[in-house]
2 protein chains.
Amino acid sequence: MADEALSAGAVARRLGVAVTTLRTWHQRYGLGPSEHVPGHHRRYTPADLARLEIMRRLTGEGVAPAEAARWARQAPAVLPPDRLGLKARTSTVRDGGGTTIPVGRAGPVARGLARAAMRLDSVTIGRTIADALAADGVVATWEGLLRPVLAGIGERHAATAGLIEVEHLMSRCVSEALASVARAHPTTGPPRILLSCADEEQHSLPLEALAAALAESGVSYRMLGARVPVAALVEAINRTGPAAVVLWSHTRATAGPHQLSALLAVPRRPLLVLAAGPGWRADSLPAGVVRPVDLAEALSLAVAVRDSLDQSAAG
Amino acid sequence: MADEALSAGAVARRLGVAVTTLRTWHQRYGLGPSEHVPGHHRRYTPADLARLEIMRRLTGEGVAPAEAARWARQAPAVLPPDRLGLKARTSTVRDGGGTTIPVGRAGPVARGLARAAMRLDSVTIGRTIADALAADGVVATWEGLLRPVLAGIGERHAATAGLIEVEHLMSRCVSEALASVARAHPTTGPPRILLSCADEEQHSLPLEALAAALAESGVSYRMLGARVPVAALVEAINRTGPAAVVLWSHTRATAGPHQLSALLAVPRRPLLVLAAGPGWRADSLPAGVVRPVDLAEALSLAVAVRDSLDQSAAG
DNA sequence: TTTTCGACGCAGCAATCGACGCAACTCGTA
DNA sequence: TACGAGTTGCGTCGATTGCTGCGTCGAAAA
């Protein structure tokens with residue numbers, strides 16, 4: 001029975017692509033309804049839909065659309081492996097553009113992630129990130145996958161004043177994935193490291209990445225999150241007495257050096273104060289503040305603090 | 001008791017449609033008298049009439065007739081509230097107390113959670129919440145534990161202008177725990193429900209609770225998160241074509257009714273628009289917007305949408 | 001006799017069609 | 001480093017298709 005014949009709009013909505021894209025896929029790659037009379041409406045059978053699902057999944061993994069279409073066209077025969085070889089494709093295929101997010105040379109996985117983000121496909125986004133985190137760890141995933149894609153979205157958002165919903169969805173998914181890593185790694189001992197955003201600073205994702213990296217290394221920490229006023233931060237330091245404090249500032253507007261000075265002025269000042277993020281200006285930092293250049297350096301510094309504390313406790 | 005058997009003309013007059021339309025609805029959509037011998041006159045029972053009422057109301061609200069018919073055909077008892085202003089009751093008085101520890105009578109678990117929050121003890125916070133979620137489910141945990149504690153912290157924060165770091169830490173932990181529930185329950189099918197905060201609205205926790213409850217029920221959704229401008233929300237709706245949209249507003253300042261009007265004005269408007277949260281004023285909502293009073297009602301409405309759509313996809 | 005039945009057809013409207021073009025990303029080349 | 005060629009997703013435009021409510025007609029039911 002042809003009772004379940006979906007219209008073009010219904011299929012587009014289900015896949016998360018535009019109706020025009022479906023038409024383009026049909027005439028460019030031959031990925032259309034099996035029975036279609038030119039001029040008449042397209043009616044997609046479940047088999048046609050399955051083929052399109054493959055197309056969407058492969059492009060979501062970063063495969064070039066032309067090649068993904070080649071796989072999808074011979075759908076019932078052989079499904080390509082889930083995690084296909086990244087560099088396995090022939091050099092005749094070029095990557096194109098379309099309405100996507102610039103990821104530069106970050107690789108096909110990043111491209112697939114960007115595509116999924118544009119489609120607001122949170123399931124694919126979450127799965128992609130989780131796979132990468134499990135395979136490569138927090139630091140590599142952050143530097144090689146998450147930061148490029150997030151930067152691409154941010155750039156595009158700044159340029160076109162759109163894409164806000166994409167940015168939010170992506171942030172949520174990244175945050176969830178990082179939190180999942182943190183939860184999967186039980187930490188030992190009391191938290192001696194305090195993570196906090198600067199006052200009015202809304203971007204906490206890099207700090208969450210650091211938190212996940214710390215958890216991955218078995219270091220326990222305390223995470224305060226975004227938009228922490230100086231008074232609240234000082235209060236938290238007084239209350240918990242951390243050995244190291246990481247203060248994140250994403251933009252220059254939130255990077256008031258007085259916040260760092262306030263940290264150094266508490267009764268029992270932390271051993272180490274890290275000013276992290278691109279907001280801080282190196283020439284205006286108070287003495288005694290360290291400014292890590294990237295996630296890896298911040299992580300190694302924090303781990304060093306933990307080790308030195310262990311050492312002193314043992315000796 | 002077939003005491004009330006209405007003829008076709010009587011039903012047509014009562015509904016305000018032509019008699020021929022009733023016949024058309026019968027043979028095109030199967031919306032007719034439950035017992036009808038071809039060639040003989042149609043006799044409509046009250047149950048049949050109720051089904052037709054739903055059909056008429058939905059089409060009157062702009063729903064596509066074929067889809068409205070699918071909804072009406074399998075209308076069990078879960079008909080959505082017909083009118084927005086069914087009672088102007090001001091959603092009861094919430095847990096009143098809250099002078100010392102604003103947890104009120106939420107129970108010892110809530111008191112322990114509040115204490116852990118004051119200590120910035122994220123480990124205990126996370127474990128407490130996770131246990132409660134596993135034991136009682138999302139809805140009960142939200143209403144009985146999380147909402148009271150969060151409300152207490154918020155009240156206290158508003159009163160003393162302190163406790164910001166506690167509030168942030170608690171929010172993060174709750175968010176993580178809810179996300180963990182969502183990840184633990186794989187959902188099937190494409191997401192047809194869109195969750196979003198109103199413009200400038202920063203509180204997304206209740207929406208995340210709804211998301212977790214949906215996941216717990218096996219309903220897939222799309223979560224945009226906090227601070228979604230109207231343009232971005234409309235863009236997302238156009239792109240993904242959801243069947244239901246939930247727009248959360250926590251305070252009156254973020255509850256501009258024009259945002260709801262914008263949702264209803266998109267080319268293919270959602271079947272159901274929910275204005276959730278205490279920000280909305282019942283008397284200023286556009287027609288066709290439903291306002292759930294609590295998490296449970298929002299959940300049941302969303303589930304009803306899912307069921308109706310499943311039916312239509314299968315039929 | 002009055003009302004309804006099934007069948008057929010028609011006009012309005014939303015969705016879709018094919019064609020075309022634009023903007024943006026990648027990559028090879030100079 | 002800059003630039004042109006190759007790709008690709010999707011917006012736009014005028015025309016077409018298909019759904020929908022309802023009027024009409026001869027026959028049958030009440």
Side-chain angles (χ1 to χ4, degrees), chain A residues 5-13 15-29 31-33 36-44 55-56 59-60 62-69 89 91-108 110-111 114-115 117-119 148-149 152-153 155-156 159-160 162-163, chain B residues 5-13 15-29 31-33 36-44 55-56 59-60 62-69 235 238-239 241 266-269:
Chain A
L6 293 171
S7 71
V11 171
R13 224 167 305 124
L15 290 179
V17 301
V19 184
T20 46
T21 302
L22 280 187
R23 257 182 278 135
T24 303
W25 284 1
H26 187 186
Q27 56 200 39
R28 279 187 187 154
Y29 311 125
L31 273 182
H36 170 62
V37 181
H40 287 135
H41 286 195
R42 291 174 173 81
R43 287 300 140 94
Y44 290 87
M55 174 72 177
R56 188 189 60 98
T59 55
V63 179
E67 188 150 7
R89 62 169 202 253
S91 61
T92 61
V93 177
R94 272 181 190 231
D95 285 334
T99 305
T100 53
I101 293 162
V103 296
R105 302 170 169 60
R111 201 184 325 276
R115 246 187 268 261
M118 286 297 291
R119 285 204 322 271
V149 173
I153 295 176
E155 240 174 70
R156 216 145 156 66
T160 66
L163 248 52
Chain B
L6 293 170
S7 71
V11 171
R13 220 165 303 120
L15 291 179
V17 300
V19 185
T20 46
T21 301
L22 280 187
R23 254 180 282 137
T24 305
W25 284 1
H26 187 186
Q27 54 200 39
R28 279 186 187 157
Y29 312 125
L31 270 183
H36 169 63
V37 181
H40 288 181
H41 285 196
R42 292 172 173 81
R43 287 304 144 104
Y44 290 86
M55 175 71 179
R56 189 190 58 91
T59 55
V63 179
E67 200 143 5
E235 175 74 12
N238 281 331
R239 248 203 204 343
V266 300
R268 185 201 300 273
R269 51 168 287 192

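Quick caveat, the model's predicted, so the values are computed rather than measured. Proteins come first, then strands; the chains are lettered A, B, ... in the order of their sequence lines, and each starts at number 1.
Taking both residues in full, the closest heavy atoms of A8(B) and Y44(B) are given as CA-CE1, 3.9 Å, listed atom of the first, atom of the second, then distance.
Two residues are said to be in side-chain contact when any heavy atoms from C-beta on lie closer than 4.5 Å; R115(A) and R56(A) fail this criterion. In this structure the side chain of L15(A) reaches within 4.5 angstrom of the side chain of L22(A), judged on heavy atoms. Within the 4.5 Å cutoff, side-chain heavy atoms of M55(A) are placed close to those of P65(A). The shortest side-chain heavy-atom distance between R23(B) and W25(B) does not fall under the 4.5 Å cut-off.
The CZ-C1' distance, from R28(A) to dG6(D), rounds to 11 Å in whole Å. The distance from atom CG of L31(B) to atom P of dT20(D) is 12 Å, rounded to the nearest whole Å. Whole-Å rounding puts the I153(A) CD1 to dC25(C) P distance at 13 Å. The distance from atom CD of Q27(B) to atom P of dG21(D) is 12 Å, rounded to the nearest whole Å. For the pair W25(B) CH2 and dT4(C) P, the interatomic distance rounds to 17 Å; values are reported in whole Å. Computed from coordinates, the R119(A) CZ to dT8(D) P distance equals 16 Å when rounded to whole Å. The separation between L6(B) atom CG and dT3(C) atom C1' is 15 Å, rounded to whole Å. To the nearest angstrom, P of dC10(D) lies 10 Å from CZ of R115(A).
With hydrogens and angles ignored, the 3.5 Å screen pairs no side-chain donor or acceptor of T21(B) with any backbone N or O of V17(B). Checking side-chain atoms of T24(B) against main-chain N and O of T20(B) turns up a donor-acceptor pair under 3.5 Å.
Rounded to 10 degrees, the angle separating the terminal axes of the helix from dT1(C)-dA30(D) to dA30(C)-dT1(D) is 30°, with each axis obtained from five end pairs.
The shortest distance between the side-chain N/O atoms of Y29(B) and the OP1/OP2 oxygens of dG21(D) is below 4.0 Å. The phosphate of dG21(D) (OP1 or OP2) has no side-chain N or O of T24(B) nearer than 4.0 angstrom.
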Could you pull out the protein-nucleic contacts involving nucleotides 15-17 of chain C (nitrogen or oxygen on both sides, under 3.5 Å)?
| unit_1 | atom_1 | unit_2 | atom_2 | d |
| --- | --- | --- | --- | --- |
| dT16(C) | OP1 | S7(A) | OG | 3.1 |
| dT16(C) | OP1 | G9(A) | N | 2.9 |
| dC17(C) | OP1 | R42(A) | N | 2.8 |
| dC17(C) | OP1 | R42(A) | NH1 | 3.2 |
| dC17(C) | O5' | R42(A) | NH1 | 3.1 |

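A distance of 6.0 Å or more separates the ring centres of H36(A) and H41(A).
Considering only side-chain atoms of R111(A), the nucleotide from dC27(C), dG11(D), dT8(D) that sits closest is dC27(C).
Qualifying salt bridge (charged side-chain N to carboxylate O under 4.0 Å, His left out) partners for R43(B), counting only residues two or more places apart in sequence or in other chains: none.
Residues T21(A) and G16(B) both approach DNA chain D. Their nearest nucleotides, taken by heavy-atom distance, put T21(A) toward the 5′ side.
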